[in-house]
Asks: 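Structure incoming, see below.
Sequential numbering from 1 along the given sequence is applied to the chain's residues.
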Amino acid sequence: MMNRPNIFRRMLSAVKGFGFKQWFFLVLNVLLVGGSIGCLAGLGSVSHALSTLNAAEQFRGQGDTRFAQLACYLPVDDGKTEDDIRSFRQSLEAQLVEQSLEAAEGGRLYIDAYSGTAQVTVGSDNGGNASVKAIGVGGDFFYFHPLRLRAGAYIKSDDLMDDLVVLDEEMAWRLFGGTDLAGMTMTINGEPFVVSGVIARETDFATNKAYTGDGGVFMSFSALNRLVETASITSYEIVMPNPITGFARNITADNFPLGNGDLVENSSRYSLTHLWEVIGAFGQRSMRTNGVIYPYWENAVRLTEDYAALLLTMAVLLALYPLLTALVLIIKDIRRAYRFAKVKIPEKVDEAVEKRREERLEKAFEKKEEEGKPDGGSEPS
């Protein structure tokens, strides 16, 4: 068996004998492999850029039950009401009981959130005012969108009053000239509200491109619907058990009427299967014909999907030539080994047969000499 130093010496000797052509193809393949690895590293980075896709993993914790995170996006003229959400929850709970899925004591089996937007006018006692698109939220919205608090607290679905709002930093500075605003009052469409907290916007590259607003206001959906009667729920998100692939998606599709809306499974947005689907739908993804206007966080996800699909494609294409080169070299080695074996094996067989024949002849000769000797084994005098 050849030891490693001998192998290295042979490889070094082979490399020293390279001409320009061999060096060119060696460097080219090394660069292509490096580029492919770099693309895969970029794919991993893009896949972990957004915090809005981690709700299922966070909700699961250390438990054994598999969970899926899904989102439903509805046309602006065919949104839902809070009664629709309550009706869906009842149907979902009945389905889960039917499937013998129960929450641990003191725990929950699913968690959800919903939102809708409407144009409102906001103002403060300092004289600042602006016309903005407010986001009306319900359920555990800030569980799915863990925007970093700069001051105060989030609003929650179990708050006794729905007159609390959360501002982002830009809106806080525009209205009040600062961010430490918890407890201060402001108006929305002329009605008084209390600032519950101030949040910092996401800093990832995708959200920076997807969020084009000039300041954000988050308030309870019930308050938004009271101020703007035409406001409707156009985004619904849920984390629920997914014991087998497709279980959560099928239950949601069967019990949450989407019409022309979209249902996406956020917990598998960067799986190889889904990314190949994104590549296959190239060009069509930019066309929206069903009346759905995605919120900024979904646009950010779709942007990262496009980047991830592009990086996956580049990784495969860059690795293709080195793989073909390796395959050609392997085939050449196999053919060389076959030709060697075709010549050497018969020679070895013939040598073994000849050696065996000679051994048999020697043994026969020795046996014949032994038989010609008299008893006692001595030569006759």
Asks: Does Lys80 qualify as a cation-pi partner of Phe88, given the criterion of NZ or CZ under 6.0 Å from the six-membered ring centre and within 45 degrees of its axis?
Replies: no
Asks: Are Asp140 and Arg108 close enough for a salt bridge, meaning some N to O gap below 4.0 Å?
Replies: yes
Asks: Distance under 6.0 Å and angle within 45° of the ring axis: does Arg201 meet both against Tyr296?
Replies: yes
Asks: Any salt bridge between Glu57 and Arg66, counting N to O under 4.0 Å?
Replies: no
Asks: Classify the ring geometry between Phe221 and Tyr114 as parallel (under 30°), tilted (30 to 60°) or perpendicular (over 60°).
Replies: perpendicular
Asks: Could you tell me which non-hydrogen atom of Cys72 sits nearest to which non-hydrogen atom of Leu263, and how far apart they are?
Replies: SG-CD1, 3.6 Å
Asks: Do Asp333 and Arg336 meet the salt-bridge criterion of a basic N to acidic O distance under 4.0 Å?
Replies: yes
Asks: Nearest 0.5 angstrom please: Asp254 CG to Ser91 OG, how far?
Replies: 10.5 Å
Asks: Ignoring hydrogens and angles, state whether a donor on the side chain of Asn299 or Arg302 is under 3.5 Å from an acceptor on the partner side chain.
Replies: no
Asks: Rounded to the nearest 0.5 Å, how far does CE of Met161 lie from OG of Ser196?
Replies: 13.5 Å
Asks: Does Glu237 have any side chain to side chain donor-acceptor pair (under 3.5 Å) partners at least two apart in sequence or in another chain, and if so, which?
Replies: His145
Asks: Could you tell me which non-hydrogen atom of Asp162 sits nearest to which non-hydrogen atom of Ser222, and how far apart they are?
Replies: OD2-OG, 3.0 Å
Asks: Test of understanding: with side chain to side chain donor-acceptor pair (under 3.5 Å), list the residues that count as partners of Thr245, not counting sequence neighbours.
Replies: none
Asks: Does anything in residues 29-87 pair up under ring-ring contact (aromatic ring centres under 6.0 Å, His included), and if so which pairs, sequence neighbours excluded?
Replies: Phe59-Phe67, Tyr73-Tyr294
